[in-house]
J.: 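Can you keep this structure in mind? I'll have questions shortly.
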There are 2 protein chains.
Amino acid sequence: MNSDKGADVDRRIAAPPTMSVLAAEALRSMILSGELLPGDRLPENSLTAQLGVSRSPLREAMSVLEQEGLIVQAPRRGAIVAPLTAHDIYEIYTLREQLEELAIRLGVPVAEEARLDRLREAFARLEAATGDDQTEHTRLAFEFHLALVGLAGHRRLEESFRSLSLQMQLCMAMNRRARAGLETMKEDAARHRPLLDLALAGDRDGLLVALRNHGQRTFLLYAEEHVDGHSPESRAWFAEVRAQLEGSEAS
Amino acid sequence: MNSDKGADVDRRIAAPPTMSVLAAEALRSMILSGELLPGDRLPENSLTAQLGVSRSPLREAMSVLEQEGLIVQAPRRGAIVAPLTAHDIYEIYTLREQLEELAIRLGVPVAEEARLDRLREAFARLEAATGDDQTEHTRLAFEFHLALVGLAGHRRLEESFRSLSLQMQLCMAMNRRARAGLETMKEDAARHRPLLDLALAGDRDGLLVALRNHGQRTFLLYAEEHVDGHSPESRAWFAEVRAQLEGSEAS
DNA sequence: CGACGGCATACTGTCTACAGAACACAGACC
DNA sequence: GGTCTGTGTTCTGTAGACAGTATGCCGTCG
């Protein structure tokens, strides 16, 4: 009779989405698709008109997106799409990598078979994506990594990772027009298959190694040229990445 | 003339706090002081009456606290103080420890002298706390650790760490009445001094080792008995913690 | 010609009101 | 006696209005 406390009943039918959620999704896709660029202002009035919701749900949606790191709000000065500096990219990348590693260490080999299903499905969707919508394809790739992190069954870890992944998508959206078609989608799906296989085999160390070489480091160098705002840390880190890349190319 | 874009001017005079911020602070302290316990419902009407603000700023405050992990909201069902299971404690502790370690690896030795000032000040405040307000003392200890993590100059890392620290304070608030005066404040301040010294000396490895033995693991075992909701992962992890503790006691 | 000051405008912070959903209780039925 | 159903209440989701603040423009003064 599963008399839960009400907070976490496992719903069979999805709850009707609230306007706030719909507004958040719409805004998020506007940002991640590159329709809105970092630094763009987000006046509430025009957005309510554009999205067809009132200010209350819109403000709630903006608060969600702020938590996700996609927008920043200044008191009495409104919200803008989060501007990205080189230091931000350094932060996003280092933290995200670390979280992914922790997730693998905690979660592989996998405790519950069901979590692997999610990973399989995410890969299937990534493989099946045929259209040439680059934004959607990027999203699916991130969804796969999210499922990978989900293997640990660690809600907070997964949530942090998701937030950082979104910010990374924002970073890519910013540069998309310039780097269109950097790699084809089939190549990208193929690049992810080994990760799936290693996870299914429960090979923790193999997975850790594979992930270290999986990151799209070429993208990073590309991104560096399109932003400013270096910090001492980020400058050193980018230099290191560059060195590693050249080393691996030489070999 | 420092013509910033408006988003991040470094203000000399503090911006007048908004009602939302005040409400968030009030709510947070109500939760962390143990006045509200995990699972308690938070109806908007009674809270607006209690805090003297309208529903809009209150809702925004609740959204902030949800992001901090102190409360959880269910659509159309309102908010409750975040209930903590053993699995939650496992999540909070593992992730927090990992973030702290990453911060030290990235941030020590320290790049900018000014960051050390913050750490010194945090320690001074911790040492100077004489009153017997346990909640406040706990807060100051966490503030010290936050400053330690802040050495890395990694905003996102620090923010995640802060959120997890708040949740840990919630966990402690839950058990406070039972474990009152588990250790005196002077002892606690003394326990933190080596961390400060190691950070000032720029001794990264020494700091990492010290931190590994610094965590209040006895508290964890105590907490375990006051919650339910174990997962396979959390059960194994708690067992490991217990084993380590007994091992170190024996030696 | 450049800088300062005042004014108009746009935008956000907050409040109140209304509609619909979740919940609790009481009565009816098996 | 227990379970189910209907109804009333409580609470949340959303909308819209008002007030105060930030911003940009224009005219004036040095």
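Keep in mind it's a predicted model, so treat the numbers as computed, not measured. Naming: A, B, ... by sequence-line order, numbering from 1 per chain.
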J.: Listing request: all ring pair (Phe, Tyr, Trp, His ring centres under 6.0 Å) pairs with a residue in residues 38-87 of chain A, at least two apart in sequence or in separate chains.
T.: A:His87-A:Tyr90
J.: Give the residues of residues 43-68 of chain A touching DNA chain C, defined as any heavy atom closer than 4.0 Å, sorted by residue number.
T.: A:Pro43, A:Glu44, A:Asn45, A:Arg55, A:Arg59
J.: What residues, two or more places apart in sequence or in another chain, satisfy side chain to side chain donor-acceptor pair (under 3.5 Å) together with A:Asp117?
T.: A:Arg120
J.: Does B:Ser20 make a side-chain N or O approach to OP1 or OP2 of C:dT14 shorter than 4.0 Å?
T.: yes
J.: With sequence neighbours left out, write down each residue that passes side chain to side chain donor-acceptor pair (under 3.5 Å) with A:Thr85, or none if nothing qualifies.
T.: A:Asp88
J.: How would you list all residue pairs meeting side chain to side chain donor-acceptor pair (under 3.5 Å) that involve residues 61-73 of chain A, not counting sequence neighbours?
T.: A:Arg28-A:Glu68, A:Ser63-B:Ser63, A:Glu68-A:Arg162
J.: With B:Thr18, which residues qualify under side chain to side chain donor-acceptor pair (under 3.5 Å), at least two apart?
T.: none
J.: Rounding to an integer number of Å, can you tell me how far A:Met19 CE sits from C:dA19 C1'?
T.: 13 Å
J.: Taking the nucleotide of DNA chain D with the closest heavy atom to each, which residue, A:Arg76 or A:Pro17, is nearer the 5' end?
T.: A:Pro17
